[in-house]
Amino acid sequence: MTAWITGCLILLLKLGIVLVGLLLLAAYLVLAERKLLARLQIRLGPNRAGPLGLMQPLADAVKLLTKEDLAPAKADRLIFLLAPAVVAATALLIFAVVPFGQDWVIGGRRIPLVVADLNVGLLYALALSSIGVYGVALGGWSSNSKYALLGGIRGAAQMISYELSLGLALVPVVMLAGSFSLVEIVAAQSRYPFLLVQPLSFLIFFVSAVAETKRIPFDLPEAENELVAGYHTEYSGMRFGLFFLGEYVTMVVMGSLVAVFFLGGWRGPWLPPLVWFFLKVLGVVFFMIWMRGTLPRLRYDQLMHLGWKLLVPLALLNIVVTGAVLLLLRA
Amino acid sequence: MEPRRNFLAAAWEGLGELVRGFATTFIHLFRRPITEAYPEYHRPLPERSRARIILTRDPDGDERCVACYLCSGVCPVSCISMQSSQREDGRRFASWFRINFARCIYCGLCEEACPTLAIQLTPHFETCQYDILTLVAEKEDLLVDHGGKNRDYNFYRHAGVTAVGGKGEHLQEAKPVNRRSNLP
Ligand code: SF4
Ligand code: SF4
């Protein structure tokens with residue numbers, strides 16, 4: 001009984017730390033992104049709130065919380081109010097299966113540094129990211145506004161298309177690791193990260209992940225110069241904040257998924273595992289920001305073209321080749 | 001139509017351009033930002049930039065404004081109002097003169113219309129106030145003790161005040177001709 005209670009307590013503690021850490025990370029990612037983006041464009045970025053602008057996320061939060069929470073008169077109220085929560089919650093939930101460090105042993109107890117080691121963790125992550133699409137599509141639809149609807153439709157089409165290549169790019173990883181569990185996948189990369197044997201997979205996964213987070217070369221659902229703000233045009237206050245938070249949490253989560261699947265997760269020489277994991281996630285996230293500062297937005301037909309005519313066939317080909325090579329090696 | 005290129009060559013070229021783009025933005029990370037941090041640094045503005053309005057004086061220290069209402073008439077948002085009066089020597093002036101800066105769009109038309117160079121726009125643009133009524137400027141707030149952009153110009157030396165001095169005594173004014181002897 002006591003073992004069960006301590007287990008429960010440890011889990012709760014872990015949950016709390018991960019949740020707070022993730023939210024803090026997302027909040028400061030906003031600042032980091034604004035700063036980096038500014039420097040990429042030879043600007044200064046936010047530097048007024050606190051030293052070096054470090055209090056900016058706090059100021060933003062206060063601003064968003066104190067703004068009026070508006071819902072359009074003809075909106076589908078319930079769905080309108082729920083949609084942002086779907087986006088933010090699914091993004092947060094994905095992180096539950098991500099292992100972010102080596103198991104700790106404290107007082108003879110093994111504490112795995114992952115909230116839940118699901119044996120189908122990979123499927124769980126993909127499934128949740130699919131549910132996230134509902135937040136975007138429903139938010140856009142229920143606002144009862146043309147811009148939001150267009151943004152929602154685009155979001156749904158884009159995310160469904162890219163989910164396909166996202167999933168397909170992971171099949172070779174599963175073949176190599178022989179497991180759906182993210183912990184096992186990290187364990188399978190003890191000798192070399194999968195990036196070295198699956199560069200194509202990595203590329204496809206990364207591009208699809210950026211598309212899933214609706215970031216700049218693929219930010220058609222919000223495309224501010226065509227659709228005002230896309231699916232969250234009608235949102236204000238903290239509900240808009242939740243969409244925003246969801247986007248940045250997704251960024252962290254996608255960064256950690258890239259790290260787990262292709263960069264060897266928390267594995268690395270010299271530095272402690274937690275630091276390695278952190279560095280890898282930040283590296284991926286930095287690249288996403290860099291991308292945002294460099295590339296223009298794709299046109300809608302280009303987006304669909306890239307997804308269906310390039311990434312999906314390439315991913316399928318990659319699966320076949322990987323399968324053949326594996327068969328040859330094991331025979 | 002563009003000639004059909006080798007797919008690989010096109011892909012290679014595209015990759016090169018991609019790398020170039022990313023390199024450009026990456027180099028930007030190490031450049032000094034070109035931002036001018038405003039409240040700490042004031043960029044010196046050109047003399048003719050248009051912001052807060054002043055009423056200037058001529059070299060003798062008199063008010064230049066002759067209350068001709070031209071600025072008031074030309075102002076597209078009708079934010080200038082005044083009341084004209086006359087001094088004993090016949091010189092006109094505005095007994096009160098009011099500009100509502102809350103309405104002014106700083107178009108500079110008043111300055112162009114003014115025949116005496118009295119009303120002028122200055123580069124001083126920091127005029128924000130919390131209470132909108134404090135933006136209404138009276139003559140005392142507008143009047144300065146210098147000649148603004150053209151310190152030597154004196155309208156009265158050119159045009160004259162009929163009550164002072166005789167005909168032909170003003171700057172660049174020809175002596176009156178005798179109309180009897182002026183026949184062709
Ligand atoms: S600058 Fe334009 S708007 Fe302002 S007072 Fe002069 S004429 Fe009127
Ligand atoms: S400021 Fe100039 S235009 Fe306006 S009333 Fe005076 S003299 Fe006339």
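These numbers were taken from a predicted model, which means no experiment stands behind them. Protein chains get the first letters and strands the later ones, always in sequence-line order, with residue 1 at the start of each.
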ask   = Under 6.0 Å from the CG atom of A:L52, do we count more than 12 heavy atoms belonging to anything else shown?
value = no
inquiry  = Counting only non-hydrogen atoms closer than 4.5 Å, does A:L295 touch chain B with its backbone (N, CA, C, O), its side chain (CB onward), both, or neither?
reply    = side chain
ask   = Taking only heavy atoms into account, what residues of residues 97-109 of chain B are found under 4.5 Å from chain A?
value = none
query = Heavy-atom count around A:F202 CZ within 6.0 Å, excluding the residue itself: above 12?
reply = yes
query = At what distance, to the nearest 0.5 angstrom, does CZ of B:F22 lie from CG of A:L40?
reply = 10.0 Å
task = Decide if atom CG of B:L45 counts as having more than 12 heavy atoms of other residues, nucleotides or ligands within a radius under 6.0 Å.
result = yes
request  = Below 4.5 Å from any heavy atom of chain A, which atoms of B:I27 appear? Answer side chain, backbone, both or neither.
outcome  = neither
key: Exceeds 12 heavy-atom contacts within 6.0 angstrom, atom CH2 of B:W96   = yes
Inter-chain polar pairs, chain B versus chain A: which donor-acceptor atoms lie under 3.5 Å apart?
unit_1 : atom_1 : unit_2 : atom_2 : d
B:F22  : O      : A:W290 : NE1    : 3.1
B:T25  : OG1    : A:W290 : NE1    : 3.1
B:T25  : OG1    : A:T294 : OG1    : 2.7
B:H28  : ND1    : A:L40  : O      : 2.8
B:L29  : O      : A:R39  : NH2    : 3.4
B:R31  : O      : A:R39  : NH2    : 3.0
B:I34  : N      : A:I42  : O      : 3.0
B:T35  : OG1    : A:L44  : N      : 3.1
B:E40  : OE1    : A:R48  : NH2    : 3.2
B:E40  : OE2    : A:R48  : NH1    : 2.9

